[in-house]
Amino acid sequence: MRGWTAPDEGVLFVITGPSGVGKSTMIHALMAEVPGLEFSASATTRAPRAGEVDGVDYHFLDQDTFDRRVDAGAFLEHARVYDRSYGTLRAPVEQALRAGRSVILDIDLQGARQVRQSWPGAVHLMILPPRIAALEERLRARATDSEQVILRRMRQVEGQLAGVGEYDYLVVNDDLATATGVLRGVVLAELSRRSRRGSLVDAVLSELDPRKRAVAAPSGQG
Ligand code: ADP
Ligand code: 5GP
């Protein structure tokens, strides 16, 4: 994106939605379009799907290793989802945010609630299906999960959607291009908030002549 400047500090974006709604697909598209965004690869005890790369999509761990990391406090949040353990590793997220890069988490409702407590500045988005039946159709079309896994995931759709009222932004993924455009719009708007753009305010004001600067600066900033 030509001419795009980054905010003063990175923003933590939390994305939640039922299985098959299109989170991974939309996040991939977003990352290709908006610079300075980093996807946080979670740790999980579930098996890799075809095409998933260890360390890129997830850190695939056995249950003992996962539990030891929980005990060591390595996770920003963690939860059991669809009978497997998932968690966000704290260190890479904090490091990216400190360096001014924004981070995207693809985590479930329980994890999002934990992040809301520990990281009040995070922006929470829920991705919704146009109809619940679309989820099962998409999971079958994705063809990465067994029948048993698909049915287990479908049984937990209502549990994930029940948190809909807790989110800052809702994005319905009916047409993928439209939904990705809305997601991109939310992310760019949040990154453009004046409260996150102190250095841009200073840069603009420093170009004004001193008398105009005194008039233009909000009270309290000289
Ligand atoms: P999630 O990460 O939420 O589980 P995925 O991104 O893996 O979901 O998407 C599930 C399947 O649905 C994939 O095969 C994806 O290509 C497909 N998909 C994503 N968005 C749409 C859409 N708007 N319409 C139809 N299929 C979609
Ligand atoms: P999947 O197995 O389809 O990749 O992910 C299953 C569910 O686990 C999705 O709802 C996804 O958002 C969630 N998930 C993935 N990583 C994490 C994580 O680190 N923490 C939590 N709480 N949920 C996660």
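Keep in mind that the numbers below use all heavy atoms, side chains included, and drop hydrogens, waters and symmetry copies. All values derive from a computational prediction rather than experimental measurement. One-based numbering, in listed order, for ligands and for the atoms of each.
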Check ion pair Arg196-Glu190 (N to O, under 4.0 angstrom): yes
Got a salt bridge between Glu147 and Arg140, using NZ or NE/NH1/NH2 to carboxylate O under 4.0 Å? yes
Ligand 2 versus Thr88, non-hydrogen atoms closer than 4.0 Å: side chain, backbone, both, neither? both
Is Arg49 touching ligand 2 with its side chain, its backbone, both, or neither, if touching means heavy atoms under 4.0 Å apart? side chain
Closer than 4.0 Å to some heavy atom of Val21 - which atoms of ligand 1 meet that? 3 (O), 8 (O)
Please list, in number order, the atoms of ligand 1 under 4.0 Å from a heavy atom of Leu176. 20 (N), 23 (N)
Rounded distance [0.5 Å steps], CG in Leu188 versus CG in Leu183: 9.5 Å
Check for me whether the distance between the ring centres of Phe75 and Phe66 falls short of 6.0 Å. yes
Considering Asp145, Asp106, Ile107, Leu109, which one's heavy-atom position lies nearest to atom 15 (C) of ligand 2? Asp106
Considering Arg153, Arg142, Arg138, Lys23 one by one, which has a heavy atom nearer to atom 17 (C) of ligand 1 than any of the others? Arg138
Please say whether Gly22 places an N or O atom under 3.5 Å from an N or O atom belonging to ligand 1. yes
Could you say whether the N/O atoms of Asp106 and ligand 1 ever approach to under 3.5 Å? no
For [atom], find the nearest protein heavy atom and state the residue, atom name and distance (0.1 Å precision).
atom: atom 20 (N) of ligand 2; value: Glu77 OE2, 2.8 Å
atom: atom 9 (C) of ligand 2; value: Lys23 CE, 4.1 Å
atom: atom 4 (O) of ligand 2; value: Tyr58 OH, 2.5 Å
atom: atom 10 (O) of ligand 2; value: Gly17 O, 3.9 Å

For ligand 2, which atoms, with element, lie under 4.0 Å from some heavy atom of [X]?
X: Arg46; result: 1 (P), 2 (O), 4 (O)
X: Gly111; result: 22 (N)
X: Ala79; result: 22 (N)

For ligand 2, is there an atom lying under 4.0 Å from some heavy atom of [X]?
X: Arg153; answer: yes
X: Phe75; answer: no
X: His78; answer: no

Closer than 4.0 angstrom: is that true for some heavy atom of Ala141 and an atom of ligand 1? no
Touching ligand 1 at all, Asp174? Heavy atoms, strictly under 4.0 Å? yes
Side-chain contact, heavy-atom cut-off 4.5 Å: Tyr82 with Arg46? no
